[in-house]
Amino acid sequence: MDAKRSSIPDRLLAWYDRHRRDLPWRAKPGEVPDAYRVWLSEVMLQQTTVAAVTPRFEAWVARWPDFASLAGADEADVMAAWAGLGYYARARNLVKAARAVVAEHGGAFPRTEAGLRTLPGLGAYTAAAVAAIAFGERAVVVDANVERVVARLFAITTPLPAARPAIRAAAETITPDARAGDFAQGMMDLGSGVCTVRAPKCLLCPLREACDAFASGAPERLPVKAAKKAKPQRHGTIFWLEREGCVLLVRRPDRGLLGGMRALPTGPWVEVPPGLAEAPAETDWTVLNGTVAHGFTHFDLELALARGMAEVEPSVAGEWWPIDAIGTAGLPTVFAKAAERLRTGR
DNA sequence: TACACGTGGGA
DNA sequence: TTCCCAAGTGT
């Protein structure tokens, strides 16, 4: 490795010592990291911004401060606590992993990348990040920030995701044996605040002199990404069934979209508006004017809203939830949005 | 490998 | 408004 590359770890660590972000899950210099908090934060931060995670992290650790408390939690409470954060498999896997730690590891988190990797919800990134940050293991931590920084440092022009092996190999060559956790967090802070997607602040970058993309004059062109596919449009109907000041909520199947979450009953989500298909009860439905639009990762959804009074027993299993407490039900955003419209009938 | 899987914020 | 994107994982 040439001299400009060999200086990267020291330069990055020195920059981190001066500019590290103070985050609620991050141990202060000299403190011993709390593995539970490190793990929880890493899972919450998957595809989710620091701004969105911060208040949710604080509320979560106040309620479930360690593996034992989370392992003993009611799964429905956990899912409701996760509502609005998205990617709900993360919450299901948090409970599974906490229970595995208590039942199979004697309450102690595995301390190696390989051991962590066996737990549900800990993939290549999170296992490496926890091993490095919580336990000081030298692990090669590659998230979207690191991908961007490394693609630029080494001027890797292969489009993502095909570039992943080359990026990992390059990251391997600059990962130090000591302070691997600080190095990982430093790379992420650098990617987040300096080596940004648009308009990178190269004049503030400690690695500028080692960066081939900076030398090229157009670092923002890297990394190259593959073109994305168009999102299909789907249509559906949400049903608001009332009885004595309550509304019928169902629990979605454990697998699949919004799995395990409390929800309003819906019909199918399909190419053509399905009308009142699969309504949860026979009644005189009123279809509201207007629709609710919601974008998921891989399709856009337009929902018609139907209101009705329960005159007979519903045809689906569910729970009657007080309408004036609908905010405590832990509904995913798409249903919270619809509920706000339906509650008032507008 | 490719796709399913959420959401809110910035430009 | 629309598009892009964020500390990815599981199948």
Side-chain angles (χ1 to χ4, degrees), chain A residues 20-21 23-26 37-57 79 82-94 96-97 116-134 139-149 159-165 168 171 181 183-193 195-199 220 223 225-234 252-261 263 269 293-301 330-337:
Chain A
R20 66 198 299 283
R21 286 178 288 179
L23 299 169
W25 45 85
R26 208 173 246 186
R37 293 165 65 94
V38 172
W39 164 62
L40 175 64
S41 67
E42 289 300 340
V43 172
M44 283 190 168
L45 286 161
Q46 290 168 7
Q47 302 289 288
T48 310
T49 59
V50 167
V53 165
T54 298
R56 308 298 293 265
F57 176 85
M79 298 311 292
W82 195 271
L85 272 176
Y87 287 146
Y88 297 98
R90 293 185 289 173
R92 300 194 296 272
N93 285 333
L94 279 175
K96 282 185 200 161
L116 290 161
R117 192 73 174 75
T118 67
L119 291 168
L122 284 99
Y125 164 75
T126 305
V130 172
I133 297 168
V140 181
V141 180
V142 184
D143 75 322
N145 289 301
V146 176
E147 278 183 355
R148 185 169 58 256
V149 172
L160 287 168
R164 295 244 158 85
R168 162 162 285 277
F183 181 79
Q185 292 176 96
M187 290 286 279
M188 292 189 274
D189 280 12
L190 188 74
S192 168
C195 194
T196 47
V197 176
R198 289 174 287 268
E220 71 281 355
K225 298 204 175 182
K228 20 180 114 350
K229 295 184 10 178
K231 284 204 268 190
Q233 179 75 53
R234 294 189 193 164
R252 295 178 61 83
D254 277 321
R255 315 189 61 143
L257 189 69
L258 310 175
M261 298 300 289
W269 294 352
H294 190 76
F296 290 104
T297 310
H298 53 297
F299 65 93
D300 288 318
L301 183 61
L331 297 177
T333 299
V334 60
F335 295 110
K337 220 188 266 186

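This structure is a prediction, so every number in the text was calculated from the model and none was measured. So you know, we letter chains A, B, ... as the sequences are listed, proteins then strands, and number each from 1. Below, all heavy atoms of this structure are taken into account, side chains as well, without hydrogens, waters or symmetry copies.
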**Message:** Base, sugar-phosphate or nothing for Trp25(A)? Non-hydrogen atoms, less than 4.0 Å.
**Reply:** base
**Request:** Check whether the ring centres of His298(A) and Phe296(A) lie less than 6.0 Å apart, and answer yes or no.
**Result:** no
**Prompt:** What interatomic distance, in whole Å, is found between P of dT9(C) and the corresponding atom of dG8(B)?
**Reply:** 22 Å
**Span that lies between the P atom of dC5(B) and that of dA7(C), in whole angstrom** = 23 Å
**Between Arg90(A) and Thr48(A): side-chain donor-acceptor atoms closer than 3.5 Å** = yes
**Request:** Give a yes/no answer on whether the side chain of Thr49(A) brings an N or O atom under 4.0 Å of OP1 or OP2 in dT7(B).
**Result:** no
**Item:** Main-chain N/O of Pro24(A) paired to Arg37(A) side chain as donor or acceptor, under 3.5 Å
**Value:** yes
**Message:** Quick one about Glu42(A) and Tyr125(A) (side-chain donor to acceptor, distance below 3.5 Å, no hydrogens or angles considered), yes or no?
**Reply:** yes
**Message:** For the CZ atom of Arg198(A) and the CD atom of Glu220(A), what is their distance to the nearest 0.5 Å?
**Reply:** 11.5 Å
**Prompt:** Between atom CG in Asp300(A) and atom C1' in dG6(B), what is the gap in whole Å?
**Reply:** 12 Å
**Item:** Arg148(A) vs Gln46(A), nearer the 5' end of DNA chain C by closest nucleotide
**Value:** Arg148(A)
**Prompt:** Does dA7(C) have OP1 or OP2 sitting under 4.0 Å from an N or O in the side chain of Ser41(A)?
**Reply:** no
**Fill in**
Sorted by position of nearest nucleotide on DNA chain B, 5' first, the leading residue of Tyr87(A) and Arg198(A) is Tyr87(A)
**Message:** Could you tell me how far apart Met188(A) (CE) and dG8(C) (C1') are, to the nearest whole angstrom?
**Reply:** 12 Å
**Request:** When you get a sec, tell me which of dC5(C), dC3(B), dT7(B) is the closest nucleotide to the side chain of Val334(A)?
**Result:** dT7(B)
**Request:** Rounded to the nearest angstrom, tell me the gap between atom CD in Glu42(A) and atom C1' in dG8(C).
**Result:** 11 Å
**Message:** Strictly below 4.0 Å: does Tyr88(A) bring a side-chain N or O up to OP1 or OP2 of dT7(B)?
**Reply:** yes
**Item:** Any His298(A) side-chain nitrogen or oxygen under 4.0 Å from OP1 or OP2 of dC5(B)
**Value:** yes
**Request:** Take the protein atom CG of Leu301(A) and the nucleotide atom P of dT7(B), then report the distance between them rounded to whole Å.
**Result:** 11 Å
**Request:** Please work out if Leu23(A) contacts a base, only the sugar-phosphate, or nothing of the nucleic acid, heavy-atom cut-off 4.0 Å.
**Result:** base
**Most 5' of Ala51(A) and Ala89(A) on DNA chain B, judged by nearest nucleotide** = Ala89(A)
**Item:** Any donor-acceptor N/O pair under 3.5 Å between dA7(C) base and Arg21(A) side chain
**Value:** yes
**Request:** Using atom NZ of Lys231(A) as one end and atom P of dC4(C) as the other, report the distance to the nearest whole Å.
**Result:** 10 Å
**Message:** I'd like to know if Thr48(A) reaches the base of dG6(B) with its side chain, counting only an N/O donor and acceptor under 3.5 Å.
**Reply:** yes
**Message:** Tell me the interatomic distance from Asp254(A), atom CG, to dT11(C), atom C1', rounded to whole angstroms.
**Reply:** 17 Å
**Asked** Leu85(A) has an atom CG; how far is it from atom P of dG9(B), in whole Å?
**Response** 12 Å
**Request:** Would you kindly compare Asn145(A) and Gly121(A) by the position of their nearest DNA chain C nucleotide and give the one closer to the 5′ end?
**Result:** Asn145(A)
**Message:** Please classify the nucleic acid contact of Gly259(A) as base, sugar-phosphate, or nothing, using heavy-atom distances under 4.0 Å.
**Reply:** nothing
**Asked** NA contact type, Pro161(A), heavy-atom cut-off 4.0 Å: base, sugar-phosphate, or nothing?
**Response** nothing
**Prompt:** Looking across every strand, which nucleic acid part, if any, lies under 4.0 Å from Gly295(A) by heavy atom: base, sugar-phosphate, or nothing?
**Reply:** base
**Prompt:** At under 4.0 Å, does any side-chain N or O of Lys228(A) touch on OP1 or OP2 of dC4(C)?
**Reply:** no
**Asked** Contact class for Arg92(A) (heavy atom, under 4.0 Å): base, sugar-phosphate, or nothing?
**Response** nothing
**Request:** Using a cut-off of strictly less than 4.0 Å, decide whether His294(A) has a side-chain nitrogen or oxygen near OP1 or OP2 of dT7(B).
**Result:** yes
**Asked** OP1, OP2 of dG6(B) versus side-chain N and O of Thr333(A): anything below 4.0 Å?
**Response** no
**Prompt:** Short question: side chain of Asp189(A), backbone of Arg21(A) - any donor-acceptor pair under 3.5 Å?
**Reply:** yes
**Message:** Considering every strand and a 4.0 Å limit on heavy-atom distances, what is the contact class for Leu258(A): base, sugar-phosphate, or nothing?
**Reply:** sugar-phosphate
**Complete:** Whole-Å distance, Trp269(A) CH2 to dA4(B) C1', equals 14 Å
**Prompt:** If you look at every strand shown and take non-hydrogen atoms under 4.0 Å, does Ala144(A) touch a base, only sugar-phosphate, or nothing?
**Reply:** sugar-phosphate
**Request:** Run the numbers on Tyr88(A) and Leu257(A) for side-chain contact (heavy atoms from CB on, under 4.5 Å), then give the verdict.
**Result:** CA-CA 8 Å; Tyr88(A) 297 98; Leu257(A) 189 69; over 6 Å; no
**Item:** Options dG6(B), dA6(C), dG8(C), nucleotide nearest the side-chain atoms of Arg90(A)
**Value:** dG6(B)
